[in-house]
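One structure is given here, and the rest of the page talks about it.
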2 protein chains.
Amino acid sequence: MAENRITIKDLAKRMNLSVSSISRALNDHPSIGEETKKRVKKLAEELGYFPNSVASNFRQNRTYSIGIIAPRIDVYFHSLVISGIEEVMYKSGYNVMIYQSRDSLEREKAITNILQNNRVEGIISCPSIETTDCDHFCKFKTMGIPVVFYDRIPNSNDFSKITINDYEAAFNATEHLISMGCKRISHIAGNQNTGIFSERLRGYKEALEKHHLNVDPDLIIYTSNLSYEDGVKSAQKLLSLPQQPDGIFCANDYTAISAMQVFLKANYKIPQDIAVVGFSNYPISRIIEPHLTTIDDRAFEMGKTAAKLLLRQIEEKNALISSETIVLKSELIIRDSTRKN
Amino acid sequence: MAENRITIKDLAKRMNLSVSSISRALNDHPSIGEETKKRVKKLAEELGYFPNSVASNFRQNRTYSIGIIAPRIDVYFHSLVISGIEEVMYKSGYNVMIYQSRDSLEREKAITNILQNNRVEGIISCPSIETTDCDHFCKFKTMGIPVVFYDRIPNSNDFSKITINDYEAAFNATEHLISMGCKRISHIAGNQNTGIFSERLRGYKEALEKHHLNVDPDLIIYTSNLSYEDGVKSAQKLLSLPQQPDGIFCANDYTAISAMQVFLKANYKIPQDIAVVGFSNYPISRIIEPHLTTIDDRAFEMGKTAAKLLLRQIEEKNALISSETIVLKSELIIRDSTRKN
DNA sequence: TTGTAAGCGTTATCAC
DNA sequence: GTGATAACGCTTACAA
């Protein structure tokens, strides 16, 4: 165990300088002569000195660390958001500590305590499905530690939030189906306790209303997870109706794809007999046949935006942290699953 | 800014006790009376005290943090590995700091320095595509900081590694195609500078040899990325051969899927005319039609195993760190793309 | 331009 | 059982 723990003290002794001079030399403090700086750095190099960020940060009462709490890392959407966060934080010299709540409120609470004890300077989180109030995040607010929520954002106005224009996206997607000639449009909906999914339902409904189309409750299928299997079941329900829809707007891509497959197997033509729109623009949507029309949810951008907002709030710490909401504009990506020409 | 920075000093003053007693009480040190402990904890609670892990860790010369360096987070395989690592580390009370090399050697080197300065206690990494030697990881070895590599593992014997049995998996996959009656089997290969991909090619070749089938260089298509587009191009090349293959073993799922689509469009029947095997068991493989036979690469397990190995090495720090290689057994998952009955 | 010394919050050592 | 004190490695007034 070649313990290689050279400290500035060691450098100081070797050079007959004080530790403060060494510290200043290494940090390019203006009051140190160029000559001395060079010599100090050279010796540091030779002895294999490397700074102890932990000690330095501790002294300065900083950590240059932020925490992410996501339900899971291995969901493509979250992995993209995290990637965006890492990208921005890396360039700004911050460390990113990562935690999965696995959709457990209890675990989420425990993680907030860990982050508090570890003195992270900010937090980016998509709350767990079980999270109804954000009391366990309030401590950060009162300590001046900024928190930014994304995706599943709480109702509270106390925190900053990044989201996309779910309502508008759903509205546009539904209008797109209408413009393709669809008259009986179904919606496969997500958990209505989650804001983004109720917004998508609302957008769907209001687009129908705007175009004087009947909002038929039989055509709205509620699912809990929006899993692939949920999509299969939903499509089967639609197939068993006395009159089938001629268009489906799905709250995510997985259900859209499984619905497409169910209808294809039942010898429906897509998009001629039934047009399908998904949500998220997962990679699979441009691989599956027919290619799926969907909405790009700007996940990577969301991560970058969240990170930049958080950094700004960390830097402005002396000012009172004001909560801010940023809405990213999603994009309808039209592909063969709705292209009727 | 309601600064809520209660320290054990504050508790000590309030209770007319020494800081050491407070520290001991909070840490359930045996030499403190139950009564005192209770009173200290109660006051701590009341004043909203929470421990400063940074200070505590600093004092103890520990960080309870490990670093991950992955090429990217938003590749499903890596996100699964990271998820597995987080799962194990969380349960063991370690923080996970995450970094993306984005396949840049320069960035990877910079990250190793950051991790060194931040005194992580261990590192798990999948080296960048540009990484040919691991010199920049040697400093950890000499400092007694364990490093575990996964997926793209270096040749060096100085580090611990987790991998799957790529050779065997490829061998079995190819034999599976042979057992289904395939005689002209193609391989869509990955970058041969990467060990896992050259192993997959080797497994393919040796399976053919074992069964006295000709290894036809025309049937081996080398790609750089194994991207979806690479798969399309590779399949087109195969289509243009005077004699087409009747089976393809692909080094990943994306190329397998695009190859399937190319052959389907050319009116080949899968698996009757041509059987296809992928590699990785990405979720899309059981969604795409026909469902893709593939090899599960145990990504989540790989993360958990890497984390457990790392923890063991951290805990054993006083002993000399011995490098260890763990090979996980992959699993051939047979689906309709090869099921000829 | 350089040095002295205090201190960040905690724990470990020794003493009582 | 409890207390005093030093120390972890570094930064930063303040002094010189």
Side-chain angles (χ1 to χ4, degrees), chain A residues 3-41 43-44 47-65 93 113-114 116-121 143 317, chain B residues 3-41 43-44 47-65 93 114 116-121 143:
Chain A
E3 278 292 355
N4 199 7
R5 296 286 148 99
I6 308 288
T7 70
I8 54 174
K9 254 187 213 161
D10 300 318
L11 298 179
K13 264 184 214 147
R14 289 263 203 156
M15 301 199 61
N16 278 321
L17 277 173
S18 68
V19 286
S20 39
S21 296
I22 303 290
S23 170
R24 287 188 275 244
L26 292 171
N27 291 304
D28 277 323
H29 193 280
S31 74
I32 299 283
E34 280 310 319
E35 186 50 39
T36 320
K37 278 183 193 169
K38 242 179 236 163
R39 278 176 46 235
V40 171
K41 286 178 182 171
L43 182 69
L47 297 188
Y49 169 83
F50 56 99
N52 186 331
S53 306
V54 179
S56 164
N57 291 341
F58 173 52
R59 172 60 232 258
Q60 297 177 87
N61 199 19
R62 300 210 53 176
T63 59
Y64 294 98
S65 295
N113 288 330
I114 293 171
Q116 186 181 35
N117 294 348
N118 280 289
R119 298 297 197 270
V120 292
E121 301 191 25
M143 288 172 67
K317 181 168 275 162
Chain B
E3 279 291 355
N4 199 6
R5 298 283 148 101
I6 308 287
T7 71
I8 55 174
K9 256 185 210 161
D10 300 317
L11 298 180
K13 263 184 214 147
R14 289 264 204 156
M15 300 200 62
N16 277 321
L17 276 172
S18 68
V19 285
S20 31
S21 295
I22 303 289
S23 172
R24 286 189 276 242
L26 292 171
N27 290 304
D28 278 324
H29 193 280
S31 75
I32 299 283
E34 279 311 319
E35 186 48 41
T36 320
K37 279 183 192 169
K38 243 180 235 163
R39 278 175 48 234
V40 171
K41 286 178 183 172
L43 182 69
L47 297 187
Y49 168 82
F50 56 99
N52 185 331
S53 305
V54 180
S56 167
N57 291 342
F58 174 52
R59 174 60 234 254
Q60 297 176 87
N61 199 18
R62 299 212 52 177
T63 58
Y64 294 99
S65 295
I114 294 171
Q116 185 182 35
N117 294 347
N118 280 288
R119 300 296 197 269
V120 293
E121 301 191 25
M143 288 171 65

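The chains referred to below are lettered A, B, ... by the order of the sequence lines, with proteins before strands, and numbering in each begins at 1. Both backbone and side-chain heavy atoms feed into the values below; hydrogens, waters and symmetry mates do not.
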### Message
Which residue is it: V40(B), L11(B), I32(B)? I am looking for the one with a side-chain contact (heavy atoms from CB on, under 4.5 Å) to L17(B).
### Response
V40(B)
### Query
Taking atom P of dT10(C) as reference, at what distance in whole Å does atom OH of Y64(B) sit?
16 Å
### Message
With heavy-atom distances below 4.5 Å as the criterion, would you say the side chains of K37(A) and H29(A) are in contact?
### Response
no
### Task
Please report, rounded to the nearest Å, how far the P atom of dG1(D) is from the CE atom of M15(B).
16 Å
### Query
Which of these nucleotides, dC10(D), dA12(C), dT2(C), is closest to any side-chain atom of T7(A)?
dC10(D)
### Message
Tell me if a side-chain donor or acceptor on D10(A) pairs with a main-chain N or O of T7(A) at a distance below 3.5 Å.
### Response
yes
### Query
Over how many whole Å does the gap from D10(B) atom CG to dT10(C) atom C1' extend?
13 Å
### Task
Starting at atom CD1 of I8(A), determine the distance to atom C1' of dA5(C), rounded to an integer number of angstrom.
13 Å
### Task
Tell me what N61(B) touches on the nucleic acid: a base, only sugar-phosphate, or nothing, going by heavy atoms under 4.0 Å.
nothing
#### Entry: N/O (side chain, Y49(A)) to phosphate O (OP1/OP2, dC10(D)) under 4.0 Å
yes
### Query
Are OP1 or OP2 of dC8(D) and a side-chain N or O of K9(A) less than 4.0 angstrom apart?
yes
### Ring centroids of F58(B) and dC8(D) base under 5.5 Å with planes under 30°
yes
### Task
Calculate, to the nearest 0.5 Å, the distance between atoms OG1 and NZ belonging to T36(B) and K41(B) respectively.
11.5 Å
### Message
Just the rounded figure in Å: distance from P of dT11(C) to CG of N117(A).
### Response
11 Å
### Message
Nearest heavy atom decides the nucleotide; on that basis, is N16(B) or A55(B) closer to the 5' end of DNA chain D?
### Response
N16(B)
### Query
With distance as the sole criterion, do the side chain of R59(B) and the base of dA7(D) form a donor-acceptor contact below 3.5 Å?
yes
### Message
From CZ of R62(A) over to P of dG7(C), roughly how many Å is that when rounded to an integer?
### Response
23 Å
### Query
The side chain of T36(B) lies closest to which of these nucleotides: dT12(D), dT2(D), dC10(D)?
dT2(D)
### Task
Using atom CZ of F50(A) as one end and atom C1' of dG9(D) as the other, report the distance to the nearest whole Å.
12 Å
### Message
If I compare all heavy atoms of M143(B) with all of F50(A), which pair ends up nearest, and what's the gap?
### Response
CE-CZ, 3.4 Å
### Pairwise distance OH(Y49(B)) to CG(L43(B)) - rounded to 0.5 angstrom
11.5 Å
### Query
Looking at residues 17-34 of chain B, who's got a heavy atom less than 4.0 Å off DNA chain C?
S20(B), S23(B), R24(B), N27(B)
### Message
Working to the nearest 0.5 angstrom, can you tell me the gap between N117(A) CG and N57(B) CG?
### Response
10.0 Å
### Task
Please report, rounded to the nearest Å, how far the P atom of dT10(C) is from the CD1 atom of I6(B).
11 Å
